[in-house]
Amino acid sequence: MKADLIVGIQWGDEGKGKIVDLLAQNYGVVCRYQGGHNAGHTIVVDGRRVALHLIPSGILNPEAVNVIGNGVVVSPKALIEEMAQFDNLEGRLLISDKAHLIFPYHEEIDRAKERLRGSKAIGTTGRGIGPAYADKVSRQGHRMGELEDIEKLHQKIMDYFETNRPYFQALGVEPPEGERLKEELKRYREALLPYVTDVTQYLWEVLERGERRVLLEGAQGTLLDIDHGTYPYVTSSNTIAAGACSGLGLAPKDIGNVIGIAKAYSTRVGNGPFPTEDHGLDGERLRRQGNEFGTTTGRARRCGWFDAVAARYACRINGCHELALMKLDVLDGFDRVKICVSYRYRGEEIDYLPSDLEGVEPLYIEMEGWESVQGIDNYRDLPKGARAYIEKLEELVETPISIISTSPDRKDTIFRKERP
Ligand code: IMP
């Protein structure tokens with residue numbers, strides 16, 4: 001059996017939470033493969049709000065096993081807090097022994113570096129994501145499996161501070177106090193070690209047996225990918241579908257259906273280029289109607305029109321078989337809606353995404369708006385303008401739109417094809 005995959009095709013916050021939550025009911029295993037507690041969505045279940053940052057959305061399905069892959073950077077503190085929302089996680093949560101750890105000093109480094117960048121700050125979530133991945137790549141990180149031997153891990157962390165002393169001094173980051181650190185590590189070991197295992201081996205066996213369907217849940221979005229996004233204004237992991245292979249130990253042949261998630265318009269949090277950003281009334285209206293404020297940091301999101309050039313690029317790079325179009329209802333009531341179909345770049349009109357988006361100018365087509373799609377759950381019942389908009393997007397991004405969301409409610413979703 002192959003694993004299906006869900007990936008954001010814009011700058012994150014596409015509304016993956018609702019789709020993963022809807023689909024996760026049909027999957028026996030749900031996995032995260034990159035990112036950390038910079039991601040986040042809140043799901044309301046039976047009137048109870050559940051905030052998820054690290055634990056995959058399958059946790060709401062009592063039958064599902066949830067996997068945190070080696071490609072994820074895990075703050076033990078954040079994970080333990082998140083786990084406290086659920087009873088009885090035994091057998092329902094597995095954490096890769098190869099996943100790297102985020103310690104409080106990574107968060108301090110993250111914030112200190114942002115301060116030093118001044119007006120060129122990336123606008124990170126301040127969760128220590130970049131510094132933890134930097135330690136991993138520079139081969140001085142600490143991994144989940146090391147919680148097994150606290151004495152050894154403790155010594156390694158103290159040595160790490162010793163080796164990097166000038167760097168930490170320059171950033172004003174204090175080394176952890178020895179005894180306090182040891183106590184903290186003991187707490188982490190007690191709370192987390194029972195869940196730590198070789199998740200790659202586990203997934204190979206699950207796929208081989210073929211009894212449980214596997215869903216891979218991407219965090220953030222394609223345009224925040226460390227290699228293929230709007231560098232350097234990106235996150236520090238491979239957010240694209242390919243990241244699922246390295247972030248879980250799967251082979252390309254293990255990946256089945258790839259579902260891209262797009263919002264019916266665009267948003268971005270943090271700094272960096274955003275060609276279709278609207279600084280005027282339309283942007284403000286999208287923010288208000290779409291309630292575009294971050295779940296993790298509460299920051300107001302920058303808003304603008306759908307960028308079909310960037311979306312086509314994202315569909316290609318992820319190999320999306322289909323798209324879910326989220327928050328279509330947020331465009332309700334606009335007289336005209338705009339779609340960016342090409343860019344003006346260095347004096348020429350282009351229809352591809354250049355590696356540097358600085359100075360790119362969007363070129364739009366305009367279409368007629370519609371009154372309301374709120375709560376509609378059948379494609380035929382959508383207003384003519386909304387259907388024309390969707391069909392235009394499909395043509396421009398060269399990918400079928402098979403799921404359409406018309407309100408935050410689970411039931412207000414249009415499925416245009418039978419789902420297994
Ligand atoms: P970091 O991942 O905290 O290092 O932040 C790097 C960039 O990615 C910043 O622009 C963040 O706003 C953005 N980012 C990180 N996580 C998310 C997310 O879950 N949704 C949207 N943007 C994110």
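Note that ligands are numbered from 1 as they come in the structure, with each ligand's atoms numbered from 1 the same way. Note that this is a predicted model, so its numbers are computed, not measured. Hydrogens, waters and symmetry mates are skipped; everything else that's a heavy atom, side chains included, is used. When a residue number appears, it is its place in the shown sequence, counting from 1.
The side-chain tip of Arg302 does not point at the ring of Phe274 from less than 6.0 angstrom away and within 45° of straight on.
For Lys156 and Glu146, the salt-bridge test passes: some basic side-chain N is under 4.0 Å from an acidic carboxylate O. Ion pairing between Arg301 and Asp13 holds under the 4.0 Å rule for side-chain N and carboxylate O. Between Lys417 and Glu322 there is a salt bridge, with a side-chain nitrogen of the basic residue lying less than 4.0 Å from a carboxylate oxygen of the acidic one. A salt bridge between Glu183 and Lys186 is present, with a side-chain N of the basic residue lying under 4.0 Å from a carboxylate O of the acidic one.
For atom 3 (O) of ligand 1, the closest non-hydrogen atom on the protein side is Thr125 OG1, 2.6 Å.
For the pair Gln220 and ligand 1, a heavy-atom separation below 4.0 Å is found. Judged by the shortest distance from any of its heavy atoms, Ala219 lies outside the 4.0 Å radius around the atoms of ligand 1. Using 4.0 Å as the threshold, Val234 has a heavy atom nearer than that to some atom of ligand 1. Within the 4.0 Å heavy-atom cutoff, Arg299 counts among the residues contacting ligand 1. Heavy-atom distances between Ala39 and ligand 1 reach below 4.0 Å in at least one pair.
Other residues, nucleotides and ligands contribute over 12 non-hydrogen atoms within 6.0 Å of the CD atom of Gln140.
Inspection of the Glu217 and Ser57 side chains reveals an N or O donor paired with an N or O acceptor under 3.5 Å. In the model, Tyr343 has a side-chain atom that pairs as donor or acceptor with a side-chain atom of Asp307 under 3.5 Å.
In summary, the atoms of ligand 1 found under 4.0 Å from a heavy atom of Trp11, numbered by their order in the structure, are 21 (C), 22 (N). Heavy-atom contacts of Gly123 reach the following atoms of ligand 1: 9 (C), 10 (O), 11 (C), 12 (O) (cutoff under 4.0 Å). Within ligand 1, the atoms closer than 4.0 Å to a non-hydrogen atom of Asp13 are 20 (N), 21 (C), numbered from 1 in the order shown.
The residue from Val269, Thr124, Ile122 that puts a heavy atom closest to atom 22 (N) of ligand 1 is Val269. The closest heavy-atom contact to atom 14 (N) of ligand 1, among the options Thr235, Asn38, Leu224, comes from Leu224.
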